[in-house]
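Below is one structure. I have some questions about it.
The residues of the chain are indexed from 1 along the displayed sequence. Whatever order the structure lists them in is the order used to number ligands and atoms, beginning at 1.
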Amino acid sequence: MSDSAEKKSKKKKEERPKSIDQAALEMLEIAAEEGIGTVFSRVDEMKACPIGAAGSCCQLCAMGPCRLVGKGAEEKTGICGATHGTIGSRFIVRAVAAGVAAHSDHGRDIARTLLALSKGEVQGYEIKDPEKLNRVAEMLGVETEGREIMEIAGDVARKALDNFNGVVEDGLSYVARAPEKRQELWRKLGLVPRGVDREVVESMHRTHVGVDQDVEHLLDQALRTSLSDGWGGAMLATDLSDVLFGTPKPLVSEANLGVLKEDEVNILVHGHEPTLSEMIVAAAQKPEMIEYAKSKGAKGINLAGICCTANEVLMRHGISPAGNFLHQELAIITGSVDAMIVDVQCVLQALSPLAQKYHTKLITTSPKAKIPGAVHVEFDEQRAMEIAEEIVRMGVDNYENRGEVRIPSQKGDLVAGFSHEYINYMLGGRYRASFRPLNDNIINGRIQGAVAIVGCNNPRVTQDAGIVYLTRELIKRDVLVVQTGCAAHASGKHGLLMPEMMEEAGDGLREVCEAVGMPPVLHLGSCVDNSRILTVLSQVVEEGGLGEDISDLPVAAICPEYYCEKALAIGTYAAASGVYVVFGVRNPVEDCKEVVEMMSNGWEEKVGGQLLFEPDYEKVLEMVTGRIQEKRVALGIHEEKERVLMDMAARREL
Ligand code: MSK
């Protein structure tokens with residue numbers, strides 16, 4: 001690189017802020033002063049491999065890795081003859097399979113806990129939402145009439161496990177929750193999943209060298225496998241979590257590093273699964289545990305979260321998130337985290353050496369995940385409360401080992417906890433819970449449509465910038481926004497989940513929010529809770545007046561800062577369900593033109609949804625608002641109705 005080119009690229013790097021979150025920037029300054037590396041600094045040191053980044057590298061066998069680059073790259077093949085199309089589609093299938101496996105293993109573990117509870121084999125758990133248990137039983141074809149709750153729970157858990165293990169006749173049970181027309185389409189195309197495990201295994205088989213080599217055929221498998229997540233593993237994870245731990249209702253909390261407390265024992269739960277974190281919440285609130293913390297000189301125990309375990313305990317208990325994916329190291333650098341308890345997924349390996357530089361006790365708990373250097377306290381449902389107490393005690397004992405503490409003051413107020421059941425109730429009222437008001441307001445144009453903004457942070461782009469920009473711009477345009485995962489944390493940190501945000505919303509959306517008493521940006525939960533969005537979409541279709549299928553609705557989904565395979569699985573099942581999906585960051589198969597074409601126009605024709613990649617947020621905004629308007633035109637609801645000033649009677653009617 002020439003001197004001037006080097007200077008230019010250096011300047012460009014310097015120009016991009018690492019985050020729009022002041023708390024993150026403050027902690028990064030401290031990290032730099034102390035010579036501590038973080039994901040934010042390592043990303044600058046590690047240039048992404050441009051060949052792999054665009055999908056031109058195949059490393060599936062020992063004849064390679066093959067790189068399809070250079071002159072005439074498009075026509076080149078790997079040593080086995082694999083084209084760009086085959087390589088790219090195999091990448092997508094494998095990424096989707098990995099993402100599905102992660103969410104579904106999570107769901108399977110919840111089902112196993114439910115089964116163990118029904119047999120009286122676990123400690124500390126109970127059925128918190130028996131009504132939901134009955135509704136889930138109905139979905140799964142389990143008889144409820146005249147039966148004991150634990151009998152029903154046992155059969156529900158067995159049926160759920162059958163969905164994972166692939167012994168369900170006619171495909172996954174929850175496919176029946178989709179609109180009729182969508183189910184017919186999936187059946188016609190052979191896309192109904194035959195069991196979660198079976199689809200994941202077949203994906204791995206088909207993508208082994210020398211098996212499936214046809215782009216469309218491979219990508220059909222990506223669609224079917226992804227559906228086993230959205231309408232299978234993740235949906236079961238959500239529903240069974242609600243049964244065991246309670247169905248969320250709106251509550252208030254705060255988010256960001258400012259929720260950490262200087263004078264209390266700070267314990268962070270991080271990862272994805274609620275089974276242990278639920279017990280940690282209970283253990284940390286026990287009076288004897290608080291007394292124990294006081295005996296060590298702390299004023300109490302402060303529990304907070306990172307990533308989706310944070311979402312699980314936020315939605316059900318109001319426990320504050322200390323931040324999203326890119327905050328996990330920053331929390332430790334505050335010097336105030338006495339224990340960080342991790343389970344599975346999104347846990348950086350860099351936490352372990354970092355925790356050793358500070359005083360934080362990093363505790364791994366899943367039988368599936370160990371990290372060198374961390375203390376491993378293996379979780380076992382049969383001794384759940386004992387283990388939770390042991391872990392909380394470890395955090396308390398570590399309080400006295402703190403060095404210098406510097407907690408940034410920033411935190412945002414938030415409202416979280418919108419389950420699909422609550423949205424239904426909130427819109428319709430107790431005696432006539434219904435999506436009718438939402439449909440009517442989309443039809444009359446007060447609400448132009450809805451967009452889900454979901455997914456992660458990625459240090460290759462400015463933390464939270466895309467999420468916050470798109471959220472603000474969409475509500476200004478009368479688009480209702482729903483959020484999950486780390487995107488929801490981002491909004492929480494920046495105050496976007498508060499009802500006051502209706503002041504920034506367009507006139508129409510603001511009127512509806514005022515009348516119903518809801519914020520224009522709704523927090524729907526963790527990554528597996530994207531399944532709640534599918535349920536809402538199905539119920540909106542069922543309510544009538546907005547077409548017959550999810551693909552008829554004026555909706556879209558955006559994952560502005562994705563980083564992992566789970567996000568690709570979610571994006572794929574949303575597209576397979578008829579949703580227009582746009583990811584930011586970069587297109588991982590950019591060089592594989594046939595794959596890009598199939599996932600956009602090909603899937604549009606086949607399933608009425610698309611999975612696109614666009615790193616420019618302004619373009620993303622244009623794309624999704626354009627899509628919403630296209631759908632409004634197709635539904636014949638695009639003509640602007642004369643606006644009528646609402647009086648009290650009209651508001652009541654609404
Ligand atoms: S935690 S998958 S960084 S959203 Fe669900 Fe956040 Fe993405 Fe992990």
- Item | Between Thr365 and Asp343: side-chain donor-acceptor atoms closer than 3.5 Å |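 No, no side-chain donor-acceptor contact under 3.5 Å.
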- Just jot down the ligand 1 atoms closer than 4.0 angstrom to any heavy atom of Tyr563, in number order. 3 (S)
- If we ignore angles and hydrogens, is there a donor and acceptor under 3.5 Å between the side chains of Ser531 and Thr238? yes
- Query: Which of the numbered atoms in ligand 1 are below 4.0 angstrom from a heavy atom of Cys527?
  - Reply: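 Near Cys527, meaning under 4.0 Å from one of its heavy atoms, ligand 1 has 2 (S), 4 (S), 5 (Fe).
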- Message: Whether the side chain of Arg94 engages the backbone of Ser203 through a donor-acceptor N/O pair (distance < 3.5 Å, no angle test) should be reported.
- Response: no
- Task: Output the list of atoms in ligand 1 that are nearer than 4.0 Å to some heavy atom of Gly455, sorted by atom number.
- Result: 4 (S)
- Task: Just need the protein heavy atom nearest to atom 8 (Fe) of ligand 1, so name the residue and atom and give the distance.
- Result: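 For atom 8 (Fe) of ligand 1, the nearest protein heavy atom is Cys346 SG, 2.2 Å.
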- Message: Can you report which non-hydrogen protein atom sits closest to atom 2 (S) of ligand 1, along with the distance?
- Response: Lys566 NZ, 3.2 Å
- Could you find the nearest protein heavy atom to atom 6 (Fe) of ligand 1 and give me its residue, atom name and distance? Cys486 SG, 2.2 Å
- Taking atom types as modelled, is there a side-chain donor on His106 or Gln345 under 3.5 Å from an acceptor on the other? no
- Item | Ligand-residue contact atoms, ligand 1 with Cys307, heavy atoms, under 4.0 Å | 1 (S)
- Message: Using a 4.0 Å cut-off to any heavy atom of Cys308, which atoms of ligand 1 qualify?
- Response: 1 (S), 5 (Fe)
- Message: Considering Glu312, His103, His272, His270 one by one, which has a heavy atom nearer to atom 1 (S) of ligand 1 than any of the others?
- Response: His272
- Item | Donor-acceptor pair, side chain of Asn266 and main chain of Ser336, under 3.5 angstrom | yes
- Are any of the heavy atoms in Cys564 under 4.0 Å away from ligand 1? yes
- atom 7 (Fe) of ligand 1: which protein heavy atom is closest, and how many Å away? Cys456 SG, 2.4 Å
- Distance-only donor-acceptor check, side chains Asp21 and Asn256, under 3.5 Å: yes
- Item | Carboxylate-amine/guanidinium contact Lys132 Glu421, below 4.0 Å | yes
- Message: Quick check on contacts: which atoms of ligand 1 are under 4.0 angstrom from a heavy atom of Phe325?
- Response: 3 (S)
- Query: Is the shortest distance from a heavy atom of Ser526 to ligand 1 less than 4.0 Å?
  - Reply: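 Ser526: no contact with ligand 1 (<4.0 Å).
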- Item | Side-chain donor-acceptor contact under 3.5 Å, Gln610 with Ser600 | no
